[in-house]
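Just below is one structure, and these are the notes that go with it.
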Amino acid sequence: MDIKDYGNISYTVNRELEASVPNMKGYAEIVGCTHEVSKNVEKIMKEGRMCLTLGGDHSIAMATVDGHIKAKDNEVCLLWIDAHADCNTNKTTPSGNVHGMPMALIPYELSDYWPHLPGMDWHKPVMSIRNVAYIGLRSVDSYERLIIEKLGITAFFMADVESYGINTVVNMALDRIDPERTRSIHVSYDIDSLDTLEAPSTGTSGNKKIIAWKWNNTPHTKQKYESTAA
Ligand SMILES: NC(=[NH2+])NCCC[C@H](N)C(=O)O
């Protein structure tokens, strides 16, 4: 198998940008890093390779998707596998964490809801929300829910994954976002989509609700989770 490690991203930070946008923590770092990530993803994919980026937080997705789309001339669909919808803007965010915002930066449909973002001129909204599907949602903020409903975003919650199974859910998602099966598939996968019992090392686990839901409704699952935890 031909696997090539392209190493870590190195980038410079313009500290003057730090306080230039309200409610976006670590803005200068993120601006510096994401541009480099995008350029590298584009270059690697143009070499004909599949590109796996490991990193976080999930704000890097605005760059990985951007690079992929530039390499593939827009023919991309996006599976966003995550406990969270990550479509807050700096006005709706409850935390100021930019990892809760990339899905509001990626699609055309939300571009009017942003102020000017200094240093981010390289990043334009790069795809339609019609080509995006959420899988595994279980911790969605109230404004995010409004956006999902207003724009009719394809969204499969954790309960759907449990009802139908992950293979069926992925196929149902692709039927909606790439019915002809012609697009390059971008998978943006957040570790917090897994149960915290499987992957505890994440800052923003979305699992408390789903475990509470399971425990209230499915005694068999409670048993399973208790024994997994033991
Ligand atoms: N990629 C993540 N871990 N996102 C968590 C986001 C949590 C919350 N919705 C926020 O905007 O702050």
Side-chain angles (χ1 to χ4, degrees), residues 9 18-19 21-34 37-38 41 52-68 78-107 109-115 117 120 123 125-127 129 132-151 153-161 166 173 186-213:
I9 293 289
E18 195 58 84
V21 186
N23 290 334
M24 293 182 86
K25 290 181 189 163
Y27 182 74
E29 289 275 347
I30 289 166
V31 168
C33 180
T34 48
V37 173
S38 171
V41 169
L52 173 67
T53 54
L54 295 177
D57 54 34
H58 213 168
S59 57
I60 63 163
M62 68 177 104
T64 57
V65 174
D66 186 81
H68 189 159
L78 170 58
L79 293 174
W80 191 273
I81 303 176
D82 198 331
H84 306 96
D86 289 352
C87 61
N88 279 301
T89 67
N90 70 324
K91 296 188 191 71
T92 67
T93 175
S95 64
N97 290 329
V98 182
H99 62 231
M101 307 180 191
M103 273 307 305
L105 286 158
I106 290 168
E109 288 87 344
L110 291 172
S111 58
D112 287 348
Y113 296 88
W114 286 98
L117 298 175
M120 292 283 290
H123 183 271
V126 279
M127 68 189 301
I129 204 73
V132 176
Y134 287 122
I135 295 179
L137 293 181
R138 55 195 178 274
S139 179
V140 178
D141 300 330
S142 49
Y143 279 110
E144 293 182 314
R145 182 170 287 273
L146 274 178
I147 288 167
I148 291 170
E149 288 176 3
K150 180 172 151 60
L151 298 181
I153 306 176
T154 301
F156 293 92
F157 284 70
M158 198 58 210
D160 299 312
V161 176
I166 189 65
H186 188 102
V187 177
S188 195
Y189 176 80
D190 193 316
I191 191 77
D192 66 30
S193 61
L194 293 179
D195 196 294
T196 36
L197 294 171
E198 315 270 0
S201 296
T202 170
T204 52
S205 116
N207 283 306
K208 290 195 175 69
K209 282 185 192 153
I210 188 70
I211 289 176
W213 176 86

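Just follow the structure's listing: the first ligand is 1, and inside any ligand the first atom is 1.
Residue nearest to atom 2 (C) of ligand 1, selected from E144, H99, M103: H99 (by heavy-atom distance). Closest to atom 7 (C) of ligand 1 by heavy atom, among M101, K25, H84, is H84.
Side-chain contact between M103 and I129 is present, with heavy atoms from C-beta onward closer than 4.5 Å. Looking only at side-chain heavy atoms (C-beta outward), T34 and M120 come within less than 4.5 Å of each other.
Residue contacts with ligand 1 for H58 involve side-chain atoms from C-beta outward but no N, CA, C or O (heavy atoms, distance under 4.0 Å). Here D190 has side-chain heavy atoms under 4.0 Å from ligand 1, and that is the only part of it that gets that close. Neither the backbone nor the side chain of V140 comes within contact range of ligand 1; no heavy atom lies under 4.0 Å. When non-hydrogen atoms are compared, ligand 1 lies under 4.0 Å from the side chain of P94 (C-beta onward) but not from its backbone.
Close contacts between ligand 1 and D86 involve ligand atoms 1 (N), 2 (C), 4 (N), 5 (C), 6 (C) [criterion: under 4.0 Å to a heavy atom]. In the vicinity of D141, heavy-atom distances shorter than 4.0 Å reach the ligand 1 atoms 8 (C), 9 (N), 10 (C), 11 (O). Against a heavy-atom cut-off of under 4.0 Å, S95 is close to the following atoms of ligand 1: 10 (C), 11 (O), 12 (O). Taking a cut-off of under 4.0 Å to the non-hydrogen atoms of G100, the atoms of ligand 1 that pass are 6 (C), 11 (O).
Residues meeting the salt bridge (Lys or Arg N to Asp or Glu O under 4.0 Å) test with E29, sequence neighbours left out: R15. Evaluation of the side-chain contact (heavy atoms from CB on, under 4.5 Å) rule for K25 yields N97 as partners, not counting sequence neighbours.
For S38 and H123, the side-chain atoms include no donor-acceptor pair closer than 3.5 Å.
In this pair, W80 and H58 present their aromatic rings parallel. The plane angle is below 30°, not in the 30 to 60° band.
Between atom CG of residue L194 and atom OH of residue Y189 there is a gap of 3.5 Å, rounded to the nearest 0.5 Å.
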